[in-house]
2 protein chains.
Amino acid sequence: MASQAPVPRTPLSRDRVLRAAVEIADADGLQAATMRRIGESLGAEAMSLYYHVANKNDLLDGLVDVLMDEITEAVDGDRPADDWKQALRQRILSARQVMLRHRWAPGLLEGRTSMRPAVVLYHDQLVGLMRSGGFSYDLAHHALHALGSRALGFSQELFDPSAGAGEVSDRMLAELASQVPNLAGMLAEIAHDDPESTIGWCDDQAEFEFALDLILDGLERLNS
Amino acid sequence: MASQAPVPRTPLSRDRVLRAAVEIADADGLQAATMRRIGESLGAEAMSLYYHVANKNDLLDGLVDVLMDEITEAVDGDRPADDWKQALRQRILSARQVMLRHRWAPGLLEGRTSMRPAVVLYHDQLVGLMRSGGFSYDLAHHALHALGSRALGFSQELFDPSAGAGEVSDRMLAELASQVPNLAGMLAEIAHDDPESTIGWCDDQAEFEFALDLILDGLERLNS
DNA sequence: ACCTGAACACCGTTCAAGT
DNA sequence: ACCTGAACACCGTTCAAGT
């Protein structure tokens, strides 16, 4: 009998490795995307990955690249803008949509110092939009710093958005009031104004846009 | 002969463990502060730490606490402020001084969702300052989001400040110019204006203050 | 060219055992 | 009460060996 041909497994590739990693990170977080687990999900051994990826660091760089590809694609769909402000706003909010699809992305970008070309390019284009809006290089430079990670559509959330979730009982408010009266008052008012907001305190998207517009408005004033 | 009394090693304690961890993180980064290494630096075994600290997560929470203690201490030294804006500004810049002493702190706070009481209290006080400046709860809430991690004295740096360090040769500029013309132009101008800036592109402190003031100015306008 | 088995040096953590 | 040795399940990574 001829030897049974083994199921012709699609060969690995950098691309397949990265896509597998994204899938795992999307589902279970970045820390779940270990070499062993990625290998497993591809029906291969962890060590096989090293043929397509230099090491873990290179793999993470690769994740940044696929992320930036997705952002570029999203941004290409933006409709032409009337002015620099609208252009920046649209672009950043489009980038944010990608970030929201990949909850691991902010955490990944935070830790990275790798200066991936795609990230540099993205910021170059932001500066381009500002320049065509009349920004000096100096102001554009300041603007990049002021935006910080917001330029890519996310911002540091110091409190877990889901931690404050659920109902806010009067009892909890009373306890809070003695320790942190100002936050308690704030929370009480928000709970009063929007008793249905069981998703937690805040509408993240609205808050993101508020902060973004605050910065863009400030820049506009400095640019005139 | 009486049994040789062993060197009476100071017993461990949560406090000693945390201080050892801070020392290691200051010197070699947070990732160097492993249980084994902390134990070693105290002349004990890694497993001994578990008597004073529930687990690694609890240890990291502890690090946040010592950080917040330091910030509270720094903030207490602030001179009384004339208005809410100056008060916020001083407080945030004082917090920043602590962050600069502990380069691992931003990275630690980023990842944490733990809602440490000290962090909540810090933000409560910020809101208190805003309230006494006439802020509505709603505006104060927006303000916290707009400040984000900046409220604690740091912000997301997407590029490694030290990565751009060193001289910027004309050759590098030429290479950059074709790929990222806008950034290249920006860099060229900065290098021209301040040829001595070998620390890298930017004065981080100045940029931080620029962004902070941009936000505070924006809030002031909304508050009047 | 592509993949793997065995092995190494590291993690955090448990637990029974020592003083 | 406080500390430790041995052990476990996990990391990333190397390298000689297989096809």
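Just so it is clear, the structure is predicted and the values come from calculations on it, not from any experiment.
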Test your reading of the model: is there a side-chain donor-acceptor pair from Arg150(A) to the backbone of Ala146(B), 3.5 Å cut-off? yes
Whole angstrom is fine here: how far is it from [atom1] in [X] over to [atom2] in [N]?
X: Leu42(B); N: dC2(D); atom1: CG; atom2: P; answer: 15 Å
X: Leu59(B); N: dG12(C); atom1: CG; atom2: P; answer: 9 Å
X: Asn57(B); N: dC11(C); atom1: CG; atom2: C1'; answer: 15 Å
X: Glu40(A); N: dG12(D); atom1: CD; atom2: P; answer: 13 Å
X: Arg16(A); N: dC2(C); atom1: CZ; atom2: P; answer: 14 Å
X: Met35(A); N: dC11(C); atom1: CE; atom2: C1'; answer: 17 Å
X: Ile38(B); N: dC11(C); atom1: CD1; atom2: P; answer: 11 Å

Got more than 12 heavy atoms from elsewhere within 6.0 Å of CD, Gln205(A)?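 Yes, because the 6.0 Å sphere around CD of Gln205(A) holds more than 12 heavy atoms from other groups.
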Sorted by first residue and then second, give each ring-ring contact (aromatic ring centres under 6.0 Å, His included) pair with at least one member in residues 43-71 of chain A; sequence neighbours left out. none
What string of B, S and - do you get for nucleotides 3-10 of chain D 5' to 3' if you count protein non-hydrogen atoms under 4.0 Å? SBBB----
Find out whether Arg36(B) and Glu40(B) are in side-chain contact, i.e. whether some heavy atom of one side chain is under 4.5 Å from a heavy atom of the other. no
Any side-chain heavy-atom pair of Arg96(A) and Ile92(A) under 4.5 Å: no
Drop me the distance from Leu49(A)'s CG to Arg16(A)'s CZ, to the nearest 0.5 angstrom.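 The distance works out to 11.0 Å.
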Residues Arg116(A), Asp65(A): salt bridge by 4.0 Å N-O rule: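 Yes, this pair counts.
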Charged N to carboxylate O below 4.0 Å: is that the case for Arg101(B) and Asp26(B)?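 Judged by the 4.0 Å cut-off on N to carboxylate O distance, Arg101(B) and Asp26(B) do not form a salt bridge.
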Consecutive-pair stems (3 or more, Watson-Crick or G-U, under 3.5 Å) for DNA chain C: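 For DNA chain C the paired stretches long enough to count as stems (3 pairs minimum) are C:4-8 with D:12-16, C:12-16 with D:4-8.
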